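What follows is a short report on a single structure.
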Amino acid sequence: MIATFSINGRTRDVDVQPNQTLLDVLRDTLGIFDLKEGCSEGVCGACTVLLDGRPVSSCLILGLSARRRRIMTVRGLAGDGELHPLQQAFLRHGAVQCGFCTPGMLLTGLAFLERHPNADRAAIREALAGNLCRCTGYAKILDALEAYARELNGRG
Ligand code: FES
Ligand code: FES
């Protein structure tokens, strides 16, 4: 069936199968590859998108359930050719790791800090519990998110 999606501020009409996950709709049907497929079972966070501002694992939900809701992938963060301040913080702190984990870390971290700008490092770490990196580490990512939180609070 044809369903209407709002993706990174743009409306798209898409032919969707009832059993397709949102991950499959975005990657396989629409060719939006900035979200990744890792575990396909809701564990790794590589497929994270924001749905109405909240992070979800797109491998766990049906595409049709996201109709007419705001979907944001990491590509939607930058505006007018400028990186989002959180992306800039990731760059400054050397937190841009691989393309599998970084998009989900950015989106989950952003959604969390927008709701909890005073969160401390432990709370930020807990918020990222569903975004896994098995090869590098989390220290620089946490540094970047803490720096962004300070910016949000006018202490950057
Ligand atoms: S691919 Fe969705 S959580 Fe791992
Ligand atoms: S999974 Fe991306 S750096 Fe480890």
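Both ligands and their constituent atoms are indexed starting at 1 by order of listing. Here, residue 1 is the first one in the sequence, and each next residue gets the next number. All values derive from a computational prediction rather than experimental measurement.
- Looking at Asn8, Leu50, Leu26 one by one, the single match for side-chain contact (heavy atoms from CB on, under 4.5 Å) with Ile71 turns out to be Leu26.
- The Val43 neighbourhood of ligand 1 comprises atoms 3 (S), with distances under 4.0 Å to a heavy atom of that residue.
- With Asp52 contributing its side chain and Arg70 its backbone, the two residues share a donor-acceptor pair below 3.5 Å.
- Although no hydrogens or angles enter the test, the distance criterion places a donor-acceptor pair under 3.5 Å between the side chain of Ser58 and the main chain of Cys47.
- The ligand atoms of ligand 1 that sit less than 4.0 angstrom from a heavy atom of Cys47 are 1 (S), 2 (Fe), 3 (S).
- Near Gly42, meaning under 4.0 Å from any of its heavy atoms, are these atoms of ligand 1: 3 (S).
- Remark: side-chain polar atoms of Thr108 are paired, donor with acceptor, to backbone N or O of Gly104 under 3.5 angstrom.
- For Arg67 (side chain) and Leu64 (main-chain N/O), a donor-acceptor pair under 3.5 Å exists by modelled atom type.
- Cys39 lies apart from atom 2 (Fe) of ligand 1 in this respect, since none of its N, O or S atoms is found at a distance under 2.8 Å.
- Listed by number with element, the atoms of ligand 1 under 4.0 angstrom from any heavy atom of Cys44 are 1 (S), 3 (S), 4 (Fe).
- The SG atom of Cys135 and the SG atom of Cys133 subtend an angle of 110° at atom 4 (Fe) of ligand 2, given to the nearest 10 degrees.
- By the neighbour-count criterion of 12 heavy atoms within 6.0 Å, atom CZ of Arg121 is densely surrounded, having more than that number from other residues, nucleotides or ligands.
- Listed by number with element, the atoms of ligand 1 under 4.0 Å from a non-hydrogen atom of Ser40 are 1 (S), 4 (Fe).
- The backbone N or O of Gln17 sits less than 3.5 Å from a side-chain atom of Gln20, completing a donor-acceptor pair.
- Using a 4.0 Å cut-off to heavy atoms of Gln97, the atoms of ligand 2 that qualify are 3 (S).
- Per-residue contacts place Cys59 under 4.0 angstrom from the following atoms of ligand 1 (heavy atoms of the residue considered): 1 (S), 2 (Fe), 3 (S).
- Residue contacts with ligand 1, taken as heavy atom pairs separated by less than 4.0 Å, do not involve Leu23 at all.
- In this structure, the side chain of Asp34 does not engage the main chain of Thr73 through any donor-acceptor pair within 3.5 Å.
- Each of the atoms 1 (S), 2 (Fe), 3 (S) of ligand 2 lies under 4.0 Å from some heavy atom of Cys101.
- A salt bridge links Glu151 with Arg92; the closest basic N to acidic carboxylate O contact falls under 4.0 Å.
- For ligand 1, the atoms closer than 4.0 angstrom to any heavy atom of Gly45 are 3 (S), 4 (Fe).
- With ligand atoms numbered from 1 in the order given, ligand 1 contributes 1 (S) to contacts under 4.0 Å with heavy atoms of Gly38.
- Listed by atom number, the atoms of ligand 2 under 4.0 Å from Cys98 heavy atoms are 1 (S), 2 (Fe), 3 (S).
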